[in-house]
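Structure record follows, encoded as structure tokens.
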Amino acid sequence: GVGGVGGAGDTGGVIPTGIARAPSGSQRKVVWALGGAVVVLLVAVVYMALGRRPAATLAPHMPTPVQLTFEQLTQQRGVETYSSLSPDGNYVVYQQGTGDNQDIFLQRIGGQKPINLTADNASHDEHPTFSPDGQSIAFRSDRQGGGIFVMGATGESVRRVSDEGSHPSWSPDGTELVYAIERFTAPFGRTLVSALWAVDVATGAKRKVTDGDAVQPSWSPHGHRIAYWRVEDETGGWRDIVTVRADGSGDPVSVTADAHVDWNPVWSPDGRWLYFASDRGGSMNLWRVPIDEESGETLGEPQALTTPAQQVWTFSVSPDGGRVVFTSSSATMRIEKVGFDPVAEQVTGASARVTEGSIAAIHPSVSPDGEWVAFRTGGRSEDLYLVRPDGSDLRKLTDDAYRDRGPSWSPDSERIVFYSDRNGRYELWSIHRDGSGLQQLTQTTGRSLWFPAFAPDGRRVAACNEAHLVVLDVSNPPVATQAAEFIVMPDDIGTSLFAPVWSPDGERLAGSVMVGTEVRGAAIYSLRTKTFTPLLDEPCWPAWLSDGRRVLCATQQGELKLIDTETGRTKVVLSEVSLDTDGTRISLPADDSVIYFDTMTVEGDLWMATLRESIP
């Protein structure tokens, strides 16, 4: 399939509920997120240190070589992901679509005619998973206000069982569904601390399984434990896999504990292996680790099950443990530009590429003088680069194992502010455009800070986290953030102003509106009146024009919209663009003559791996 995607937050349909026992199933991944996600997904890997050692009472498990053969299952237009195999192994259900219009499809293994099970509803439907008896499919949907839904195996009798949640996973007896509060698009698109809840499918009664961060749950085949992954803030944002007792008692037990990106946990049907996706082998691919299902203790080191995919996204395991259905995905990301006439309010000429080749370039920021375009990479190495507007003179500003993100220029075009985990958590930093003068700007005492932007005065910086907008005076760094002004958005508008950008007069900030874990629109905050004003009611990422009145927004639908903040008039100036729809950034020089934006093209199809040797 082919599709576009983007970058603010969701993960895992790999929750294999039924797959774990004789039933089937696992889950899929987010589609419009898959694009940007795939990009963001490849990030940081510093060393390879295995999580838990085997307990003294458990015998170490020696890895058994496994031979794999592969077969392509789908080739639809779009991205097919979040697969779940039926208990009898004859059918696969998955998510497919474009943008925020995802549907759930059913296809016979070996067949070529997928059936759209949710075609009668225009809502965003995702994360399907077969029940243990194969008679029902649980999924997440935006319909009826959103939540977890259950329908018959052929799409009939849809009903809501929870008004919240994402990535559901069935209990082995089919009476409960465990789900995560947060919906995210990629391991590095996370925005909030999540929790796991379980809901009784018949009564709707809920119980909390675990606090702390927990997403993409997977119920073990005999009901003992639930696997999930979390963000380890104390280690600089590691993504590690953990298990907890299904009743929520006891402490979580780590499965991995290293700097690799580990996510998408899926139990084998016999409970002796935990499969997961990881970049520990150099690219995002399939791994498994021997495990004791009752205690959660690992019994050996992770074993690679390498697939011929640029990126393995989500996957599920067959009830007999002999097959794995996975999404093989690839993404191309680059910076483009198009001429713009701010008076006529229209683009001039065709768009042109600024970056070429295999480099994954995202989040552009053009210097006010128009001489340079800063961006960051979205692959295994997240570094900052500079390039001339014509694509020449490519320069690397940072070159290390840290995640350097969100570049934004100072008003004099001399410095770049960004956020990085180089001291163990995300702080604000700055660097001169020649690569010198690297300096830490903040010293946080609470949540990390993201997406900084210099004010026109060159002294203040605005940034955000999942719950606040923050304005800091960084003239004497590093600044202790307990003295900063933390601005809370009213509940009737959203939870945070994400990726803020300054108006030319330095009195207002525009940004994306976060509602829970999702981008829902855009708004403006006035520092003078201390009020928020909605700007657009669809997911978008804004940039000011130099007149301080109009705002340009990049939407998830692949459009650039110009909005007059005084009259509310909206005009589409560019459409049908393969924008990084989950996190496109747009940027203009001081004269508004060029629009810079990042694009993404994503391909994703379902493949099946057959394990030729039995799993011990």
Side-chain angles (χ1 to χ4, degrees), residues 7-16 19 26-30 33-34 36-45 48 50-51 81-83 126-127 129 166-167 169 178-194 196 210 212-218 226-233 235-244 252 254-267 273-289 291 298 302 304-305 307 309 311-317 324 326-327 329 378 380 403 517 582 604:
D10 167 0
T11 180
V14 110
I15 21 185
I19 85 138
S26 155
Q27 273 153 248
R28 335 74 285 157
K29 216 6 302 251
V30 187
L34 179 99
V38 172
V39 178
V40 175
L41 187 169
L42 291 164
V43 186
V45 55
M48 180 176 180
L50 173 62
T81 187
Y82 290 118
S83 63
E126 58 189 358
H127 312 159
T129 179
S166 186
H167 305 101
S169 175
V178 63
Y179 60 83
I181 293 298
E182 181 178 349
R183 173 184 180 270
F184 62 93
T185 60
F188 287 112
R190 297 288 309 285
T191 55
L192 294 182
V193 173
S194 186
L196 296 185
T210 183
D213 191 49
V215 291
Q216 195 179 346
S218 175
I226 293 171
Y228 59 92
W229 69 270
R230 67 186 180 188
V231 175
E232 308 279 5
D233 278 336
T235 58
W238 291 0
R239 271 58 176 163
D240 280 316
I241 294 172
V242 181
T243 70
V244 67
S254 294
V255 175
T256 65
D258 52 45
H260 302 298
V261 183
D262 302 319
W263 64 308
N264 281 21
V266 181
W267 293 90
W273 295 91
L274 189 63
Y275 289 77
F276 61 99
S278 177
D279 68 350
R280 60 185 56 238
S283 65
M284 193 59 62
N285 224 299
L286 186 64
W287 290 74
R288 66 179 185 177
V289 63
I291 191 170
T298 56
L305 297 176
T307 68
Q311 293 293 311
V312 167
W313 201 241
T314 58
F315 61 93
S316 60
V317 180
V324 177
F326 62 93
T327 295
S329 63
R380 284 177 54 81
R403 303 178 185 116
T517 63
D582 193 36

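- The minimum heavy-atom distance between T243 and W267, with the atom names listed, is CG2-CZ2, 4.0 Å.
- Side-chain contact between V324 and L286 is present, with at least one heavy-atom pair separated by less than 4.5 Å.
- Side-chain atoms of V242 and W229, non-hydrogen and from C-beta on, never get closer than 4.5 Å to each other.
- Both cation-pi conditions hold for R288 and W273: the charged atom is under 6.0 angstrom from the six-membered ring centre and inside a 45 degree cone around its axis.
- Distance alone, capped at 3.5 Å, places no donor-acceptor pair between the D279 side chain and the H260 backbone.
- Residues W287 and A304 share a closest heavy-atom pair of CE3-N, 3.4 Å.
- The side-chain hydrogen bond (donor to acceptor under 3.5 Å, both in side chains) check on T210 picks up nothing, with sequence neighbours excluded.
- Checking side-chain atoms of N264 against main-chain N and O of A277 turns up no donor-acceptor pair under 3.5 Å.
- When all heavy atoms are compared, the tightest approach of V244 to Y228 is CG1-CE2, 3.8 Å.
- Minimum interatomic distance between W263 and F276 (heavy atoms only, all atoms of both residues): O-CB, 3.4 Å.
- Between A180 and A214, the closest heavy-atom pair is CB-O, 3.8 Å.
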Open item on the list: Please determine whether side chain to side chain contact (heavy atoms under 4.5 Å, CB included) holds for the pair L274 and V266, giving the CA-CA distance in whole Å, both sets of side-chain angles, and the decisive distance to 0.1 Å.
Closed with: CA-CA 6 Å; L274 189 63; V266 181; 5.8 Å; no

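- Judged by distance alone, the side chain of D213 and the main-chain N or O of R230 form no donor-acceptor pair under 3.5 Å.
- Screening Q216, H127, E182 against S166 for a side chain to side chain contact (heavy atoms under 4.5 Å, CB included) leaves a single residue, H127.
- In this structure Y179 satisfies the side-chain hydrogen bond (donor to acceptor under 3.5 Å, both in side chains) test together with S162, E164, sequence neighbours excluded.
- Side-chain atoms of T81 never come within 3.5 Å of backbone atoms of T327 as a donor-acceptor pair (strictly under, hydrogens ignored).
- Rounded to the nearest 0.5 angstrom, W238 CH2 and S254 OG are separated by 10.5 Å.
- Residues F326 and T314 have side chains not in contact (no heavy-atom distance under 4.5 Å, counting atoms from C-beta outward).
- Using a 4.5 Å heavy-atom threshold, the side chains of R183 and E126 count as touching.
- Qualifying side-chain hydrogen bond (donor to acceptor under 3.5 Å, both in side chains) partners for S278, counting only residues two or more places apart in sequence or in other chains: D262, R280.
- Although no hydrogens or angles enter the test, the distance criterion places no donor-acceptor pair under 3.5 Å between the side chain of T298 and the main chain of I291.
- Here the rule is side chain to side chain contact (heavy atoms under 4.5 Å, CB included) with D240, and of V231, V255, T256 only T256 fits it.
- The two residues A309 and N285 have their closest heavy-atom pair at O-ND2, 3.9 Å.
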